[in-house]
Amino acid sequence: MTDFFRDIPAVTYVGPNSDVEFGFRHYNKDEVILGKRMEDHLRFAVAWWHSFAWEGGDPFGGQTFLRPWHPQDSMKTARIKADVAFEMFRILGVPFYCWHDADVRPETGNFADNLKTLNEITDYMAEKQAQTGIRLLWGTANMFSHRRWMAGASTNPDPEVFAFAAATVKSCLDATHKMGGQNYVLWGGREGYETLLNTDLAQELDHMGRFLNMVVEYKHRIGFKGTILVEPKPQEPSKHQYDYDAATCFGFLQKYGLEKEVKLNLEQGHAILAGHSFEHEIATAAALGVFGSIDMNRNDYQSGWDTDQFPNNVPETALAYYEVLRAGGFTTGGTNFDAKVRRQSLDPADLILAHVGAMDTCARGLKAAAALLQSGELEAARKARYAGWATPQARQMLASGTLESITAEVLARGINPQPVSGRQERLENLWNRYV
Ligand code: XUL
Ligand code: CO
């Protein structure tokens with residue numbers, strides 16, 4: 001036990017009318033919605049990096065948080081950090097958490113020592129999982145912060161960096177497997193380029209495809225039953241990242257024969273950076289059969305970069321969960337808060353209450369989405385719009401029509417389509433009745 005969160009009580013459901021600050025107004029984990037407990041729908045996870053490893057720096061200034069585990073350069077402080085992290089998970093009552101290797105162990109500068117410290121600290125964390133019942137949603141490798149990764153990991157022009165990346169992912173997948181992780185994530189922050197003038201784009205894509213195949217082959221060799229997830233993001237830190245958005249990732253997976261093996265971890269802020277809405281990314285991934293998990297953190301809409309803020313906009317989360325529910329909900333995936341408090345939010349209470357607010361925002365979004373789905377009103381309107389496709393003629397046209405046979409049909413039946421309303425505003429009004 002540490003005293004970092006001293007005087008902060010475990011957060012429980014207090015209901016919408018309570019004025020208790022450390023309480024959930026909407027997240028009532030045992031409440032059953034559409035036949036499933038809220039906790040099992042949402043599958044919340046805390047991100048180790050933003051809450052515990054990030055020191056509050058921005059491009060204009062360094063550390064603002066002075067935590068008891070700073071500087072994070074020893075196994076002693078790594079253990080304190082782990083103790084505090086599990087205390088926070090307990091206070092919040094979250095079922096899951098996520099880590100990068102670089103968040104949980106000190107960076108020693110060489111692979112053998114990094115491997116030793118990763119194995120040691122993940123053993124320690126696995127013990128804490130067993131004591132508390134808190135589980136690992138996913139593990140991942142940070143292959144973007146250290147200077148060795150500056151020109152990419154699997155897409156690096158130097159084969160020695162590719163080798164270092166392969167060994168690093170093996171170590172992280174082994175640790176994730178040991179800890180019963182539900183998924184393993186690859187986000188390629190430096191898998192892209194700064195300028196095409198020095199980049200062989202086709203070769204880099206081939207290397208990334210081979211690398212991901214190696215990961216999948218290894219997963220099967222060790223019997224890891226979790227899902228391998230790729231996380232799309234269009235840019236930042238690289239000027240252009242190969243995993244641009246859901247559709248680009250699917251094209252990549254298909255080219256390298258991985259579309260049945262790998263799914264996507266979609267992040268709200270990344271969708272915005274790609275010029276999409278979050279619900280577009282979820283619906284696209286679901287349509288292509290690669291929906292996996294979400295990082296539920298938003299960007300500041302004026303800043304134009306990835307500000308990783310906690311969600312606090314209910315209509316936005318409702319639109320996202322509507323698509324999650326339509327996709328059949330999460331299987332191995334969940335809702336990870338890849339979010340950080342602002343650098344002026346220094347207090348331990350800020351960390352807790354940021355998550356409380358985010359969990360409530362998601363719970364409200366889920367409830368609104370579930371109620372609308374259950375009412376069937378939006379689905380009925382959608383179905384009515386496509387009703388023509390249920391007729392035998394339309395079905396036959398799709399199944400066996402040719403341009404010649406269809407032209408003959410248009411002439412014979414004098415087909416002359418009349419436009420109908422898309423009813424957008426009426427559907428928006430319907431939607432607004434629920435959020
Ligand atoms: C970066 C980002 C990562 C991934 C995991 O924008 O989202 O934190 O979620 O590497
Ligand atoms: Co993320």
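Note that the structure is a prediction, hence the values are computed from the model and not measured. Read the numbers this way: they start at 1 and go in the same order the structure lists the ligands and their atoms. Along the sequence shown, residues carry numbers from 1.
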The one among Met143, His50, Glu231 that brings a heavy atom closest to atom 4 (C) of ligand 1: Glu231
Assess the residue pair Arg326 and Glu379 against the criterion (salt bridge (charged side-chain N to carboxylate O under 4.0 Å, His left out)); give the C-alpha distance rounded to whole Å, side-chain angles, the decisive distance to 0.1 Å, and a yes or no. CA-CA 10 Å; Arg326 283 187 80 222; Glu379 294 315 299; 3.4 Å; yes
Asp338: its N/O/S atom lying closest to the Co ion (ligand 2) (atom name): OD2
Run the contact test for Glu236 against ligand 1 with a 4.0 Å cut-off on heavy atoms, strictly below, and give the result. no
Can you find a side-chain donor-acceptor pair between Thr155 and Glu191 that sits under 3.5 Å? yes
Using the benzene-type ring in the case of Trp, are the ring centres of Phe96 and Trp138 under 6.0 Å apart? no
Please write down residue, atom name and distance for the protein heavy atom closest to atom 10 (O) of ligand 1. His100 NE2, 2.7 Å
Picking from Tyr97, Trp99, Phe337, what satisfies ring-ring contact (aromatic ring centres under 6.0 Å, His included) with Trp48? Tyr97
Donor-acceptor pair, distance only, cut-off 3.5 Å: does the side chain of Glu267 make one with the backbone of Glu231? no
For ligand 1, which part of Asp308 has a heavy atom less than 4.0 Å away: the side chain, the backbone, both, or neither? neither
Residue of the set Lys81, Gln131, Gln129 for which side-chain contact (heavy atoms from CB on, under 4.5 Å) holds with Phe86: Gln129
Would you say His280's side chain and Ser277's backbone share a donor-acceptor pair under 3.5 angstrom? no
Glu267 near the Co ion (ligand 2) via N/O/S, less than 2.8 Å: yes
Where do Arg90 and Glu87 land on the salt bridge (charged side-chain N to carboxylate O under 4.0 Å, His left out) test, with the steps shown first? CA-CA 5 Å; Arg90 178 190 58 77; Glu87 273 171 34; 5.5 Å; no
Any N/O pair Glu267/ligand 1 closer than 3.5 Å: yes
Looking at the Co ion (ligand 2), which N/O/S atom of Asp295 is the nearest one? OD2
Which ligand 1 atoms, with their elements, are less than 4.0 angstrom from a heavy-atom of Trp49? 8 (O)
Ligand 1 to Trp187 polar contact by distance, N or O atoms, under 3.5 Å: no
Return the name of the atom in Glu231, of element N, O or S, nearest to the Co ion (ligand 2). OE2
Judged by modelled atom types alone, do Asn156 and Trp149 share a side-chain donor-acceptor pair under 3.5 Å? no
Using a 4.0 Å heavy-atom cut-off, which part of Asp295 comes near ligand 1: side chain, backbone, both, or neither? side chain
Which atoms of ligand 1 are found less than 4.0 Å from any heavy atom of Lys233? 6 (O)
Which heavy atom of the protein is the closest neighbour of atom 3 (C) of ligand 1, given with residue, atom name and distance? Asp338 OD2, 3.5 Å
Going by the order shown, which atoms of ligand 1 are within less than 4.0 Å of some heavy atom of Asp306? 6 (O)
Contact check, Trp99 vs ligand 1, heavy-atom distance below 4.0 Å: no
With ring centroids as reference points, do His100 and Phe144 lie under 6.0 angstrom apart? yes
